[in-house]
There are 2 protein chains.
Amino acid sequence: MARDKDITIYDIATQLGVSPSTVSRALKNTNAVGNATRKKILATARELGYQTNTFASNLRKQRSNTLGVMVHELRSNFITSVLSGIENVAAETNYDLIIAHSSENAKKERANANNLFHKRVDGLIASLASDTSNLHHFKSFVDKSLPVVFFDRVFEQDLGAKVIINNFKAGYDATQHLIRQGCERIAHITSSLNRNVYSERLRGYKAALADNGIAFDERMVIVDGLAEEHAAYSAKRILKLSPLPDGIFITNDFCAAVVMQVLKDAGIHIPEDMAIVGFNNDAISKVISPKLTTIDYPGYEMGQIAARQIISHLKGTSNINTTNTIILHSELIIRESSLKQIS
Amino acid sequence: MARDKDITIYDIATQLGVSPSTVSRALKNTNAVGNATRKKILATARELGYQTNTFASNLRKQRSNTLGVMVHELRSNFITSVLSGIENVAAETNYDLIIAHSSENAKKERANANNLFHKRVDGLIASLASDTSNLHHFKSFVDKSLPVVFFDRVFEQDLGAKVIINNFKAGYDATQHLIRQGCERIAHITSSLNRNVYSERLRGYKAALADNGIAFDERMVIVDGLAEEHAAYSAKRILKLSPLPDGIFITNDFCAAVVMQVLKDAGIHIPEDMAIVGFNNDAISKVISPKLTTIDYPGYEMGQIAARQIISHLKGTSNINTTNTIILHSELIIRESSLKQIS
DNA sequence: AAAAATAATGCAATCGGTTGCACTGTAAAT
DNA sequence: ATTTACAGTGCAACCGATTGCATTATTTTT
């Protein structure tokens with residue numbers, strides 16, 4: 001059986017002897033259509049299985065009903081949670097999503113921004129790649145008054161709305177906790193300090209040391225990637241420190257898990273010899289031994305909030321430029337990997 | 001500065017004194033345009049910053065240049081790898097992606113299929129929810145001759161092309177390995193047997209037992225969800241078996257990690273008391289103690305291949321209906337969690 | 001009862017790219 | 001030298017929904 005053509009508003013109009021304009025108006029909730037007519041139209045639309053042709057509609061309306069999402073990496077527990085949150089809100093509000101990832105590459109990020117712009121997304125949600133050094137590539141969005149919301153990795157002083165956590169406080173809390181457990185030589189494994197998330201955590205780490213009269217030693221800070229191979233290498237660098245640290249604050253749970261594995265293989269006892277604090281509260285933190293103390297980072301909520309921000313801006317309910325930065329609650333979750341003392 | 005309107009082919013046409021049709025033809029690689037004209041047009045297009053309006057183009061061409069992707073869950077390491085593979089190929093070939101997830105819910109899956117159909121995607125890549133019982137909701141795609149490729153979770157005998165691994169063999173290999181390690185009472189923790197991936201692995205498990213003269217005992221098979229809470233519960237059920245099993249084949253690495261955690265907390269030694277084999281070769285399998293023996297499942301490649309299948313079908317290079325099923329290589333990766341004997 | 005306001009609908013242009021058909025001019029074939 | 005072919009280009013009709021403006025019918029106001 002040959003496939004029939006799709007049903008259009010013209011088909012409905014012809015069948016009912018009304019004009020396409022009336023059908024169009026009836027299918028939305030414009031009140032400029034008589035009640036009887038509207039009912040007939042809606043009934044016929046359902047009966048014929050009418051579906052809006054979004055291309056025609058978008059073309060005419062000059063908007064896409066689509067949000068662009070740019071992430072620095074797809075294969076990450078945290079990012080997946082955020083995406084899931086965004087998707088949840090987008091689905092509810094009938095927005096579509098185009099997802100692009102930069103693989104931590106500024107060049108690809110620029111290409112993606114460009115691409116999404118030309119795909120005419122109505123708004124953008126983004127987390128920056130590790131080597132992005134400015135926001136020039138988002139300028140076209142700003143010029144066109146398209147809302148942009150950054151999450152997690154942002155430029156705190158630059159354009160766009162932001163949804164973040166207090167990374168300074170998180171870093172401070174993690175370090176303070178290690179100090180309270182009796183650690184005196186605390187190392188810090190982190191990633192590109194160009195990114196606020198890492199530089200702020202470092203700042204918190206330093207502040208906690210200072211507040212406790214511990215001298216900062218830059219050899220104790222290891223900056224590298226967070227993927228498996230980098231993590232293993234960082235762990236080896238830890239093992240070469242002399243004297244060995246008695247605590248490590250690591251800005252990523254997966255990285256912490258790999259580091260712990262290497263340390264354990266080297267005969268180091270955790271937490272007795274070295275206490276560990278991770279970051280993110282990924283599922284992995286509960287299935288490694290010892291269980292990982294970490295900072296709970298509400299990714300799903302972050303996604304939902306970023307999406308809601310954008311969408312309520314688009315619907316005119318609120319203006320994204322007035323509430324510029326939203327800080328979500330994050331907190332230290334204490335598990336075995338850092339418990340030297342039973343308090 | 002007020003934003004200028006977007007550049008259209010009409011702007012280019014006017015500027016050069018040619019017709020829009022010629023511009024349109026020049027911008028694609030139709031050979032029906034003179035060489036000099038084409039060059040001028042391309043130069044002007046670049047200079048003015050012209051970008052195709054995809055809505056207009058899609059509307060006219062009646063296709064979207066977009067692939068729909070339906071997954072049963074977003075927050076999964078395996079799925080993320082697949083998505084990453086799909087994205088990689090889609091980006092190369094200039095296809096967009098719309099990603100929808102069913103949260104393991106057949107009803108939502110049906111809604112998603114419907115939605116993607118009406119968004120007029122050019123093709124569909126899908127993995128089934130755990131309680132999906134038929135493929136009726138994909139019929140509209142078939143009727144419209146839109147290609148559908150299923151991956152991972154498929155109906156092996158039903159419509160559509162499939163990209164899968166040999167789950168029977170994987171199950172057989174995992175079980176055979178445990179038997180070779182001296183296990184005699186092997187439990188199996190798995191999920192919905194309506195899904196080929198789980199039923200086939202179970203079949204492999206049974207076949208290996210049979211081939212080694214071990215009687216199948218259905219109390220040794222635990223069917224439940226694979227998320228954290230279900231996994232913990234399954235572990236408790238294992239602990240209630242009497243006699244205790246001396247080996248477990250678990251169809252998911254994360255689930256295996258949780259189970260191991262619970263077993264270890266209960267004082268069971270792995271692999272001495274109980275050997276464990278997981279499934280997927282997620283990153284997690286290498287950072288838990290002991291490291292997890294598992295089946296390597298090439299998610300990224302699976303995504304790439306599914307996407308390539310669809311796209312080459314769409315481009316007319318190959319017909320998806322002729323190569324109906326593609327089976328990817330998977331293999332047992334032996335680590336500490338199952339090594340009872342140093343062989 | 002006449003005038004004014006309002007509700008319900010239609011007309012037709014518009015969004016921007018694509019493509020079948022027709023036309024022109026030059027090159028190739030006879 | 002004539003016919004034939006074809007490369008290069010333009011015309012105009014689409015694709016389907018939206019919306020400002022005009023028109024008609026109906027209700028309200030005075």
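We name chains A, B, ... by the order of the sequence lines, and we start the count at 1 in each one. Predicted, not measured: the structure shown is a model, and the values here were computed from it. Hydrogens, waters and symmetry mates play no part in the numbers below; they use all other heavy atoms, side chains included.
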**Prompt:** Below 4.5 Å, heavy atoms only, C-beta onward: do D131(B) and N194(B) meet side chain to side chain?
**Reply:** no

**Item:** E109(A) side chain to T132(A) side chain, donor-acceptor N/O pair below 3.5 angstrom
**Value:** yes

**Asked** Could you state the CZ-C1' distance from F55(B) to dG17(C), rounded to the nearest angstrom?
**Response** 13 Å

**Asked** Can you list the steps and then say if R153(B) with E73(B) is a salt bridge (Lys or Arg N to Asp or Glu O under 4.0 Å)?
**Response** CA-CA 12 Å; R153(B) 303 198 182 172; E73(B) 180 56 70; over 6 Å; no

**Request:** Mind grabbing the angle between the end helix axes of the helix from dA1(C)-dT30(D) to dT30(C)-dA1(D)? Five pairs an end, 10° rounding.
**Result:** 30°

**Prompt:** Atom NZ of K39(B) to atom C1' of dG8(D): distance rounded to whole Å?
**Reply:** 16 Å

**Prompt:** Would a 4.5 Å heavy-atom cut-off, applied to side chains only, mark N53(A) and D6(A) as touching?
**Reply:** no

**Request:** Would you kindly give the CD1-to-C1' distance between I9(A) and dC11(C), to the nearest whole Å?
**Result:** 13 Å

**Message:** Tell me whether the side-chain N/O atoms of Q62(A) come closer than 4.0 Å to OP1 or OP2 in dT18(D).
**Reply:** no

**Asked** Please give, in whole Å, the distance from dC15(C) P to N58(B) CG?
**Response** 18 Å

**Request:** Figure out the CG/P separation between D6(B) and dG16(C), and round it to whole Å.
**Result:** 7 Å

**Asked** Could you run down nucleotides 9-14 of chain D 5' to 3' and tag each one B, S or - for protein heavy-atom contact under 4.0 Å?
**Response** BBBBBB

**Asked** Between N115(A) and K119(A), do the side chains contain an N or O donor and an N or O acceptor separated by less than 3.5 Å?
**Response** yes

**Request:** For F117(B) and S140(B), work out which heavy atoms get closest and say how close.
**Result:** CE1-O, 3.4 Å

**Fill in**
From CZ of R63(B) across to P of dT18(C) the rounded distance in Å is 12 Å

**Complete:** In this structure, CG of L67(B) is separated from CD1 of I99(B) (nearest 0.5 Å) by 10.5 Å

**Request:** Please state whether the phosphate of dG17(C), meaning OP1 or OP2, lies under 4.0 angstrom from any side-chain nitrogen or oxygen of S24(B).
**Result:** no

**Request:** Grab the CD1-P distance between I41(B) and dT18(C) for me, whole Å please.
**Result:** 13 Å

**Message:** Please report the distance, rounded to the nearest Å, between CG in N53(B) and C1' in dC15(D).
**Reply:** 13 Å

**Prompt:** Does K61(A) put a side-chain nitrogen or oxygen below 4.0 Å from OP1 or OP2 of dT19(D)?
**Reply:** no

**Message:** By the definition salt bridge (charged side-chain N to carboxylate O under 4.0 Å, His left out), identify the one residue from K315(A), K61(A), R63(A), K144(A) that meets it with D122(A).
**Reply:** R63(A)

**Prompt:** When you check the side-chain N and O atoms of Q304(B) and N88(B), is any donor under 3.5 Å from an acceptor?
**Reply:** yes

